Amino acid sequence: MAVQTIAGNATTASVDLGPAVALSCRECGERFDLGPLFACASCFGPLEVAYDLPAGDPEALRKRIEAGPDNIWRYAPLLPVPADVAGKPNLNPGFTKLVKADNLARELGVTGGLYVKDDSGNPTHSFKDRVVAIAVEAARAFGFTTLSCSSTGNLAGAVGAAAARAGLRSCVFIPHDLEQGKVVMAAVYGGELVGIEGNYDDVNRFCSELIGDPLGEGWGFVNVNLRPYYGEGSKTLAYEICEQLGWRLPDQIVIPIASGSQLTKIDKGFQELIRLGLVEDRPYKIFGAQAEGCSPVSAAFKAGHDVVRPQKPNTIAKSLAIGNPADGPYVLDIARRTGGAVEDVNDEQVVDAIKLLARTEGIFGETAGGVTVGVTKKLIEAGVIDPALTTVVLNTGDGLKTLDAVSATSQATATIKPSLDAFRAAGLASA
């Protein structure tokens, strides 16, 4: 347990973030004390949480995890949270279903086992509840009184809900043209919701300015000054997938790319499980999925570049519409290191994939889920994904949030008078 004093905000707080011992620069390796920092003071590289993870008998740790609560706090010994986190007011996200998708597998010609990790079952119906839950603990530790974020929608709702539960004020910032369902879901929790004229990258720049202004004093921006802690929440997807597969790594996994943080942290989670002896060390491939209308990482991968050139987003997959993804270069490294790839699909393919997942497995995914399923289909057809291997596809949110994407082609089959004759006349009786 790392305990230290943090000066700032309204009070001085004693910091207990469990096994977390420092922040470490991903580029130069320099270490910093735990605090609300996100960039290296020496090289401006991104900071990550460094740990003193449990050592000893892997089987004992495995049993300890399995005896824990049915949410992400079963993995508290591996996260930057206090040991008593499960007893605090929070939304307790995680341990969502890993669905064995046999119907979808037959449709796609997969013989090695296809699974959908369905994170629409989280409290605000997206994976963002995981990352926000970790950020809330950091915000508490550092004495922040307001929880904030820049968001493409799902994160805004997750922050609003988590802040309400934790008794914190929230003020979140979104692009002005988000899907109405996400706007309502973010606003209903009673915090301030501010639309910014522009796209996500404009919103993010504004939040970075606010952090450096006296107006932002006492504010914890979950994906900016709390980003190192926030990102660790995505590791729990890796932990759960491996545990749900019987403590083994998937052969292949397809992950949507917005900022790229989720993909990099899932890889980090796999590596931690290997080092702890909780899973067998064997090869796995990571594939990134983007929408064609916002595919800077895919474009860089296909061109063989190491630098990701920003794009102006233009896609129905607004939750992935980040034109300048912070973790883009690291995604490229991971895809290449593991033998995976980064691919994209157009909006029509996204819609088709949403409907394919719905009609085969009864899972109504949002547009990001359509992107991952669409990319999976495309890569199988191209011979890049091996259909004989165990494959996991992520669905990160609920389709009820992005109804506009499929509403035009998902309407009543027929409208009839309330009589059997009318039903017969409509030709539906033997359909």
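These figures come from a predicted structure and were not determined experimentally.
- The existence of a salt bridge linking D267 and R337 is confirmed by a sub-4.0 Å separation between a basic side-chain nitrogen and an acidic carboxylate oxygen.
- Within the 3.5 Å criterion, the main-chain N or O of L389 finds a donor-acceptor partner in the side chain of T391.
- A donor-acceptor contact shorter than 3.5 Å is absent between the side chain of N225 and the backbone of P36.
- The two residues P77 and L53 come nearest to each other via the heavy atoms O-CD2, 4.0 Å.
- A side-chain donor-acceptor contact under 3.5 Å links R62 to the backbone of L278.
- For D344 and S298, the side-chain atoms include at least one donor-acceptor pair closer than 3.5 Å.
- Under the 6.0 Å cut-off for aromatic ring centres, Y75 and W73 do not qualify, their centroids lying 6.0 Å or more apart.
- Ion pairing of R74 with E243 is present here, as a side-chain N (NZ or NE/NH1/NH2) and a carboxylate O approach within less than 4.0 Å.
- A 6.0 Å sphere centred on CD of E197 holds no more than 12 heavy atoms belonging to other residues, nucleotides or ligands.
- One N or O on the side chain of E361 and one on the backbone of N103 form a donor-acceptor pair closer than 3.5 Å.
- Remark: the D327 side chain and the T264 side chain contain an N/O donor-acceptor pair separated by less than 3.5 Å.
- With a 6.0 Å radius and a threshold of 12 heavy atoms from other residues, nucleotides or ligands, Q271 has its CD atom above the threshold.
- T367 and K318 are not linked by any side-chain donor-acceptor pair at a separation below 3.5 angstrom, with hydrogens and angles left out of the test.
- We find that E381 and K377 are joined by a salt bridge, their nearest charged nitrogen and carboxylate oxygen being less than 4.0 Å apart.
- The pair K235-E232 counts as a salt bridge, with a side-chain nitrogen and a carboxylate oxygen less than 4.0 angstrom apart.
- With hydrogens and angles ignored, the 3.5 Å screen pairs a side-chain donor or acceptor of S208 with a backbone N or O of N204.
- Of the possible polar contacts, none joining the E27 side chain to the F44 backbone as a donor-acceptor pair under 3.5 Å is found.
- Residue K378 places its NZ atom among more than 12 non-hydrogen atoms of other residues, nucleotides or ligands, all under 6.0 Å distant.
- When the shell of 6.0 Å around NZ of K312 is examined, it contains 12 or fewer heavy atoms from other residues, nucleotides or ligands.
- Taking each heavy atom of C171 and T146 in turn, the nearest pair found is N-CG2, 4.2 Å.
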With ring-ring contact (aromatic ring centres under 6.0 Å, His included) as the criterion, how do F38 and Y229 come out once you've worked through the C-alpha distance, each side chain's angles and the decisive distance to 0.1 Å?
CA-CA 9 Å; F38 61 98; Y229 313 95; over 10 Å; no

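- Between the side chain of N90 and the main chain of K88, a donor-acceptor pair closer than 3.5 Å is present.
- Checked by atom type, the side-chain pair Y230/K265 shows no donor-acceptor distance below 3.5 Å.
- More than 12 heavy atoms of other residues, nucleotides or ligands sit less than 6.0 Å from atom CG of D333.
- Salt bridge D251/R282: present, at least one basic N to carboxylate O contact under 4.0 Å.
- Looking only at atom types and distance, the side chain of Y115 has no donor-acceptor partner in the side chain of Q244 under 3.5 Å away.
- Using modelled atom types, one finds a donor on one side chain and an acceptor on the other under 3.5 Å when comparing Y200 with S150.
- Residues K117 and E240 are paired through a salt bridge, judged by an N-O separation under 4.0 Å between the basic side chain and the carboxylate.
- Distance alone, capped at 3.5 Å, places no donor-acceptor pair between the S295 side chain and the Q290 backbone.
- Ion pairing between K401 and E366 fails under the 4.0 Å rule for side-chain N and carboxylate O.
- A donor atom on one side chain and an acceptor atom on the other are found under 3.5 Å apart for T96 and R130.
- In this structure, S170 and G160 approach most closely via the heavy-atom pair OG-CA, 4.0 Å.
- With hydrogens and angles ignored, the 3.5 Å screen pairs a side-chain donor or acceptor of S419 with a backbone N or O of A422.
- The main-chain N or O of N346 is found under 3.5 Å from a side-chain atom of Q349 such that the two form a donor-acceptor pair.
- To the nearest 0.5 Å, atoms CG (L193) and CZ (F173) are separated by 9.5 Å.
- Contact of the P329 side chain with the V307 side chain is not registered, since no non-hydrogen atoms from C-beta on lie closer than 4.5 Å.
- A salt bridge links R336 to D306: one of the charged nitrogens lies within less than 4.0 Å of a carboxylate oxygen.
- For the side-chain hydrogen bond (donor to acceptor under 3.5 Å, both in side chains) with S120, the lone residue among N122, D118, T124 that qualifies is D118.
- A donor-acceptor contact under 3.5 angstrom links the side chains of D347 and T315, judged on distance only.
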